[in-house]
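Before any comments, here is the structure.
Lettering of chains follows the sequences in order, A, B, ..., and the numbering in each one begins at 1.
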Number of protein chains: 2
Amino acid sequence: MEKTARAGLERVSRPRLYEQLVEQILAYIESAQLRPGDLLPAERDLAERLGVSRATLAQALVALEVLGVIDVQHGTGAVLARRPSVASVIKGLREHQSRLPEIVEARSTLEGKLAALAAERRTGDDLAAIDNALDVMAREINDGDRGTHGDELFHQAITAAAHSSVLAQLMAFIAEMILETRMESLGQPGRPEQSLASHRRIADAIRAQDPAAATEAMLAHIDLVSDVELLR
Amino acid sequence: MEKTARAGLERVSRPRLYEQLVEQILAYIESAQLRPGDLLPAERDLAERLGVSRATLAQALVALEVLGVIDVQHGTGAVLARRPSVASVIKGLREHQSRLPEIVEARSTLEGKLAALAAERRTGDDLAAIDNALDVMAREINDGDRGTHGDELFHQAITAAAHSSVLAQLMAFIAEMILETRMESLGQPGRPEQSLASHRRIADAIRAQDPAAATEAMLAHIDLVSDVELLR
DNA sequence: ACTGGCTCACTGGACTAGCCTCTTAGACAG
DNA sequence: CTGTCTAAGAGGCTAGTCCAGTGAGCCAGT
C-alpha cells in the first residue's frame, strides 16, 4: 500500500497497533485450528492476553470484520465467518505476494473480456471517452512524457465501456498491481509510441464493434507492455 | 453479508455505530467535494460533529482505511486515498447491487480461463482432487441430495489446479455471489445430474490437458447452471 | 539570504474506567 | 414438561487522560 508512487520518496507509514493485532489474531485462528462458526475469546480476555486495551482490540476486530474474517455479534462474541479463506486472500493481495506473471495473467483475462464487451456495448459517449484518452496520451508523449496518465485513462474508458460493474470491480481490485507494471513498461525507450499504436488498434476494433478483434488487440497490447517484466 | 445461508433463519445483525459513521463520512466526502490528497476534519472535531466518542470514530476510520478510502497519518490527519473509487466499489459488491447476469459474466470469464490453465498445469494431485470432488458429488446426488458440497469442491479443485493465486483471489472475491447462483440452480429437478455430467466433461478435458476443450466445457457448464437465473 | 535547531500548537495513538444493552443458560414456578 | 425470570457474561460506547509525531514559525549562526 504505497502512496505517491510517482518519483517521490516513499512516506514511511508508521505501524499501527491494530494492524499488528490483526496479524496476531489471524495467526491465533490458524494455530488454534478454529473453524467457521467458532468463537474467538472474549474481548476482555483477548485484550489482556495480547497486552492491549479493549478499545484498540475493538479496532482490530473492526478491521477483521471489514475483511470478512469474523462477524461480531453483540452479547455472543466474535464468530469466524464461513469463508475464512478470504482472509489470507486479501492479506496476500495487499502484501504483493503475488508474482508478476500471475498478475499479467489475471489482467489479460479480465481486460480481454472487457475489450470484447466494450466492442459489443460501447455507446457514443464511451467512444468519445476512449478517443479522448488517446488524445491525452498522444499529447503527453509529444511533450516527452511517458503517457502514463493517458494510458490509465484509456484502460478506464475501456472498462467503463464494457458496462459490467462486477468485472469493473475485479479490475479495481487488481488496479494497483497493474499500475506498477504499467509505469515500468512505459519507462522503456520507444515504448510509449508502441503502446499508443496498440491502443489505437484496440480502439479501432471497439469502434467497429468487433469483439474478437478487440480481444485480440488487447491481448497483444498487454503482451507488449508486459514482456519487459518477464525478462527478470 | 449473510451468515448461515443454509435453510436457517437470518440472524439479524444489529447495526453498529461505526458502520453508520462510515456511511456518513462517505457522504460527507462526496458532499464536500473532497479530492484525493485532501484531509478529513480532525478526529476530535469530527467526533463532536457526528456526536460520537473519539474511540468509536476511530473504529470507523479503521474501517475506511481497510476499505482503502483513506490513509490515516499520525500527526497529520486522515488523507483521502488516491483511488476513492474502490470505496463505492466494495460497498456495491457487499450490497449485492450487482445484477445476476453480470455475475455470471464475470464467473465465466474467470472460470473459463482457470479451466484452460488447469488443463495446462494440473499435477497428479490436482487431478486426484478433481476426481474426488466428482465422487463426492455423485454420492450426494445418489443420496437424494443436491450435490452442492461436491459442486463447490469441484470448482475449488479446478481453481487450485490452475496454480494462479491472483485469479484464485479474484474468484474468492466473487465466491459468495456465485454460491447463491449455484444453490438455486442445483435446486431445479434433474439439474444435479446434468451438472455432474458437464463436470465430467470438464474433468476429461483437463485430464487430456486440452485447454481449449476445458474452457469450452466450462463455459457450457456455466451456461447450463445459469440459465435458470436469466429467466427472471 | 540561507541553514539549522528549537518550540509549540495541533494531530492521531492508545489506555483506563465505567456504564449500557444484548444474549444465553439455568433456576424456578406453573 | 413448559414457559418465565434472572443473573452472568458478552460486546457497544463514552469520557477523560496522557503519549508521540508533524509542521509552521521563530531565531540564532553562518
Atom-pair distance (CG on A:L39; C1' on C:dT23), nearest Å: 12 Å

Atom-pair distance (CG on B:L57; C1' on C:dG13), nearest Å: 13 Å

Distance below 4.0 Å between A:T56 side-chain N/O and C:dG13 OP1 or OP2: no

Partner residues of A:R139 under the salt bridge (Lys or Arg N to Asp or Glu O under 4.0 Å) criterion, sequence neighbours left out: none

Donor-acceptor under 3.5 Å (A:E43 side chain, A:A58 main chain): no

Residues that A:D125 engages under side-chain hydrogen bond (donor to acceptor under 3.5 Å, both in side chains), provided they are two or more places apart: none

Interatomic distance, B:L50 CG vs D:dG12 P [rounded to whole Å]: 19 Å

Set of residues satisfying salt bridge (Lys or Arg N to Asp or Glu O under 4.0 Å) with respect to A:E105, sequence neighbours excluded: B:R121

Pairing residues for A:D38 by the side-chain contact (heavy atoms from CB on, under 4.5 Å) criterion, not counting sequence neighbours: A:L34, A:R35

A:Q59 CD - D:dG12 P separation (whole Å): 13 Å

Separation of C:dC15 P from A:E48 CD (nearest whole Å): 13 Å

For A:D45, all residues meeting salt bridge (Lys or Arg N to Asp or Glu O under 4.0 Å), sequence neighbours excluded: A:R49

Nucleotide N/O of nucleotides 5-12 of chain C paired with protein N/O under 3.5 Å:
residue, atom, partner, partner atom, Å
C:dG12, OP1, B:E43, N, 3.2
C:dG12, OP2, B:E43, N, 2.8
C:dG12, N7, B:R44, NH1, 2.9
C:dG12, O6, B:R44, NH2, 3.0
C:dG12, N2, B:H74, NE2, 3.3
C:dG12, N3, B:H74, NE2, 3.1

Atom-pair distance (CD on A:E19; C1' on C:dA14), nearest Å: 14 Å

Rounded distance (Å) that lies between atom P of D:dT14 and atom OH of B:Y18: 15 Å

